[in-house]
Amino acid sequence: MILAANFKSNLNRAKAHTYIEALEAFCTQNAIEDRVIVFPPASALRESSLHVKVGAQNAFAARSGAFTGELAQDQLDEFAIRTVLIGHSERRHVIGETQELIAEKFAYYQKQGFEIVYCIGEPLEVREEGNEALLEYLEAQYEGVDLHYSGLVIAYEPVWAIGTGLTPTLQEIELIHASIKERTSRPLLYGGSVKAENAREILALEHVEGVLVGSGALDVRDFCSMIADAKSLHVQKEKHRS
Ligand code: 13P
């Protein structure tokens, strides 16, 4: 499974580094084999450690240049960053990134062989229109995106569930994930109000291959508890098989 924490614009450099060090220690002590990724703010980027991969929340589609306020590949290379988040709903809806710009970033970082965690998700008014409208909306977010790229990880994050404490029902998550899985075989994460309290039941769902967590992961103990849940689910599944 993949357990990913997106810090967004939270935690400063010192706090993010303390967090990552505590996370690394937890993963070592517990022999964690699942993939653990953190996306700290740009000012706290650093190299990945043994268990904790560090990714960028955003990057401009260029090696370097006149792109005021943006990080480009040169700045990621400094920390050997090879994972980037693209298409996050806050970049789409708060910052105003268009699908065209997102696809440009995707193509650029695919060409460079980066792992891309690509976010998709619908706003509430689309969800209220029903499943057909929802899937159509997601379809438009695949435009210009290579769904078969070997470095791709998809994160389904309903916009209305992000930071609101609301989540779709478990059945709804399963249903949408099954539909997304018909379009791509790449790993599929769920995101949107995942917390230490509900991570286990979400991780146990079919077609959920991990979680992308925002506010619920800001305390490292909570994120570690989700990682422990993922590990115990493997053990349970193994027992079930034998
Ligand atoms: P919350 O977990 O705070 O809802 O945020 C989810 C998210 O946007 C992760 O990228």
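Count residues from 1 along the sequence. When a ligand or atom number is given, it counts from 1 through the structure's own listing order.
- Taking the six-membered ring for Trp and thresholds of 30 and 60 degrees, Y190 and H177 have ring planes inclined between 30 and 60 degrees apart.
- Using a 4.5 Å heavy-atom cutoff, the side chains of N10 and P41 are not in contact.
- Residue N6 comes nearest to K8 through the heavy atom pair OD1-N, 3.0 Å, listed as atom of the first residue, atom of the second, then distance.
- Nearest heavy-atom pair across E201 and N198 is CG-O, 3.2 Å.
- Residues F26 and F223 place their aromatic rings such that the two centres sit no closer than 6.0 Å.
- Between the E24 side chain and the V52 main chain, a donor and an acceptor come within less than 3.5 Å of each other.
- Protein neighbours of ligand 1 below 4.0 Å, counting non-hydrogen atoms: N6, K8, H88, E157, A161, I162, G163, G192, S193, L212, V213, G214, S215.
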